[in-house]
Asker: 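Quick one: the structure is below, questions incoming.
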Amino acid sequence: MTSQILFTMVTIIIMFILMVTEVIPLPATMALAGVALCFAGIVEPAKLYSEWGGSTIMFLILMSIIVDALTQTGIVQDLSDKIFIGKLIENQRVAIFAVCIFCGVATGFLSNTALVVMMIPVLAAMVVKSNGALKFKYMLLGAATEATVGGSVSLIGGAPNLAMQGALEEAGVETMGFFSAAPLSLILVVITALYFSTIGYTLMQKVCDFDDTEIVRQNSQTEKIICPLWKKALTLIVLVSCIVCFIMEVTNNQLVCFIGIIVLWVSGCAKPKESLKAVDWNTMWVLSFALVVAAAVNTSGTGAYIADLVLTACGAENASYTVVLIAVCLIGGVLTQVMSNTATNAMFGPICISIALSLGISPLALCIPVMVLVNCAVISPLGSPCMTVALAGGYRAKDYLYVGLPLMLILIPTGVIGALLIYGI
């Protein structure tokens with residue numbers, strides 16, 4: 001073990017402890033880790049800020065702006081008025097299932113964090129229209145958890161996906177396609193929806209013993225957005241066109257986004273100031289330094305060192321893909337519950353890549369399953385921005401734990417089995 005590997009590992013451990021204890025804010029923790037690695041000579045000073053102009057961060061910022069246009073034009077309100085009506089607001093279990101499926105699928109086209117923020121007033125309106133049949137506290141926790149689990153349906157679903165993609169790009173190996181993780185993610189989406197409409201709902205009834213009247217009252221007073229039909233149509237055309245271009249790999253994804261944003265701003269479909277305010281800069285900051293840590297894991301040799309340890313524990317050169325997959329998915333799936341899933345993916349990316357190359361298999365065979373399970377940070381408000389946003393529902397730490405733990409124990413083994421069937425060598 002070299003001094004650089006030792007320093008990198010100690011830095012990551014300290015970063016992990018600070019994340020769990022929240023002694024200092026998460027953005028400060030990530031910046032501290034990056035600066036420490038810079039002073040140690042493991043990463044260049046320019047690396048601390050160059051990621052802001054990198055493809056990963058820029059893509060997430062640009063997509064956040066495009067997605068916000070759906071809110072500014074009132075499309076989000078329209079969807080809630082037309083989709084969540086009738087039988088869906090007469091039965092709590094049915095409503096939870098429908099909302100979960102909607103959120104899980106929608107993360108394939110929207111940022112999951114932005115989706116949860118948009119769903120708060122939508123769910124409040126549903127509760128009001130139900131005349132007491134629905135409870136906001138049951139709806140929001142299900143929606144936030146589903147958005148977290150479904151964040152891997154596409155590359156734009158969440159920052160952790162871009163952290164893993166960034167690690168793949170950094171290593172110069174094959175990268176993921178727009179929907180590479182969708183097959184496995186959608187399986188977990190359906191399981192999560194079934195869980196929250198059955199076992200999860202029963203647990204929430206016992207654990208969430210607080211009143212949600214105030215949050216419903218505040219969020220149900222949102223004024224109706226009046227917007228010309230042509231602006232709504234143009235906004236949808238821009239979003240769909242961007243996604244089609246991503247899938248078909250017409251050109252650079254960032255260039256596609258820039259063109260889309262210019263159309264939205266020039267046409268008046270979105271206001272520049274409002275669009276820029278909608279960007280989750282806290283997440284961008286955390287992700288940028290998470291990528292710095294990922295680069296350090298690569299350049300210091302830490303990824304290769306840990307990969308050797310995992311391979312040795314699994315049988316060295318005779319290690320099977322199945323055993324290695326179980327090991328990395330289990331470790332990643334547990335760690336992400338108490339630390340940022342973005343940071344976890346950024347750290348695990350180089351490790352999975354090193355292990356895969358040592359085994360002589362495609363890095364995607366390990367990176368995709370690990371990314372999907374690391375995204376399933378559901379037992380605390382720490383692991384995912386979606387779960388943090390859900391704190392608006394009045395949830396306590398024990399609510400996340402009691403409701404999320406059984407789900408986690410279902411998702412990890414199911415995810416491993418699914419990965420073996422879908423991506424198995």
Asker: When you measure from the side chain of Tyr400 to the backbone of Tyr395, do you find a donor-acceptor pair of N or O atoms at a distance under 3.5 Å?
Answerer: no
Asker: My understanding is that only residues two or more places apart in sequence, or in another chain, count here; which of them pass side-chain contact (heavy atoms from CB on, under 4.5 Å) with Pro406?
Answerer: Tyr195, Leu203
Asker: Quiz question: by atom type and distance under 3.5 Å, do the side chains of Gln72 and Thr235 form a donor-acceptor pair?
Answerer: no
Asker: Is the shortest heavy-atom distance from the side chain of Leu141 to the side chain of Met387 under 4.5 Å?
Answerer: yes
Asker: Is a donor on one side and an acceptor on the other found under 3.5 Å between the side chain of Glu174 and the backbone of Leu364?
Answerer: no
Asker: Using a strict 4.0 Å threshold on nitrogen-to-oxygen distance, state whether Lys206 and Asp399 make a salt bridge.
Answerer: no
Asker: Is the OH atom of Tyr402 crowded by more than 12 outside heavy atoms at less than 6.0 Å?
Answerer: no
Asker: So how far is it from Thr342 OG1 to Leu162 CG, rounded to the nearest 0.5 Å?
Answerer: 9.0 Å
Asker: Could you check Phe102 against Met119 for side-chain contact (heavy atoms from CB on, under 4.5 Å), going step by step and ending with a plain yes or no?
Answerer: CA-CA 10 Å; Phe102 175 80; Met119 286 301 292; 3.9 Å; yes
Asker: How many angstroms lie between CZ in Phe179 and CG in Leu186, if you round to the nearest 0.5 Å?
Answerer: 9.0 Å
Asker: Are Gln254 and Leu62 close enough that some pair of their side-chain heavy atoms sits under 4.5 Å apart?
Answerer: yes
Asker: May I ask you to decide if Ala365's main-chain N or O and Tyr321's side chain share a donor-acceptor pair within less than 3.5 Å?
Answerer: yes
Asker: Under 6.0 Å from the CH2 atom of Trp265, do we count more than 12 heavy atoms belonging to anything else shown?
Answerer: yes
Asker: With side-chain contact (heavy atoms from CB on, under 4.5 Å) as the test, would you mind laying out the steps for Val416 and Thr322 before giving the verdict?
Answerer: CA-CA 9 Å; Val416 171; Thr322 300; over 6 Å; no
Asker: Supply the atom-to-atom distance Ile199 CD1 to Leu194 CG, rounded to the nearest 0.5 angstrom.
Answerer: 10.0 Å
Asker: Does Thr29 use its side chain to pair, donor to acceptor, with the backbone of Met15 at less than 3.5 Å?
Answerer: no
Asker: What is the distance from atom CD1 of Ile101 to atom CD of Glu146, rounded to the nearest 0.5 Å?
Answerer: 6.0 Å
Asker: Do Ile96 and Cys100 have side-chain heavy atoms sitting under 4.5 Å apart?
Answerer: yes
Asker: Would the distance check show the side chain of Trp281 and the main-chain N or O of Leu276 forming a donor-acceptor pair, the cut-off being under 3.5 Å?
Answerer: yes
Asker: So which of Ser384, Cys376, Cys386 actually passes side chain to side chain contact (heavy atoms under 4.5 Å, CB included) with Asn341?
Answerer: Ser384
Asker: Mind checking whether Leu407 and Thr145 have side chains closer than 4.5 Å, heavy atoms only?
Answerer: yes
Asker: Taking the side chain as C-beta and beyond, is there a heavy-atom pair between Thr107 and Ser154 under 4.5 Å?
Answerer: no
Asker: Just jot down the side-chain contact (heavy atoms from CB on, under 4.5 Å) partners of Thr175, sequence neighbours excluded, or say none.
Answerer: Gln165, Leu168, Glu169
Asker: Cys367 vs Ile353, test: side-chain contact (heavy atoms from CB on, under 4.5 Å). Steps then yes/no.
Answerer: CA-CA 7 Å; Cys367 288; Ile353 294 168; 3.8 Å; yes
Asker: Would one find more than 12 heavy atoms of other residues, nucleotides or ligands at under 6.0 Å from atom CD of Glu274?
Answerer: yes
Asker: Between Asp68 and Val279 (side chain of the first, backbone of the second, donor and acceptor by atom type, cut-off under 3.5 Å), is there such a pair?
Answerer: no
Asker: Can you confirm if the aromatic rings of Tyr201 and Tyr138 lie within a centre distance of less than 6.0 Å?
Answerer: yes
Asker: Got a second to check how far Ile331's CD1 is from Ile351's CD1, nearest 0.5 Å?
Answerer: 8.5 Å
Asker: Could you check if a side-chain atom of Val99 sits within less than 4.5 angstrom of a side-chain atom of Phe196, using non-hydrogen atoms only?
Answerer: no
Asker: Contact between Ile422 and Ile368 at the side-chain level, heavy atoms closer than 4.5 Å - yes or no?
Answerer: no
Asker: Quick check: does any side chain N or O of Ser180 sit under 3.5 Å from a backbone N or O of Gly177, one acting as donor and the other as acceptor?
Answerer: yes
Asker: With side chains defined as the heavy atoms from C-beta onward, is the minimum distance between Cys242 and Val238 less than 4.5 Å?
Answerer: yes
Asker: Is Lys137 positioned over the aromatic face of Phe210, cation under 6.0 angstrom from the ring centre and no more than 45 degrees off axis?
Answerer: yes
Asker: Going by ring pair (Phe, Tyr, Trp, His ring centres under 6.0 Å), name the residues that satisfy it together with Phe178, two or more places apart in sequence or in a different chain.
Answerer: Phe246
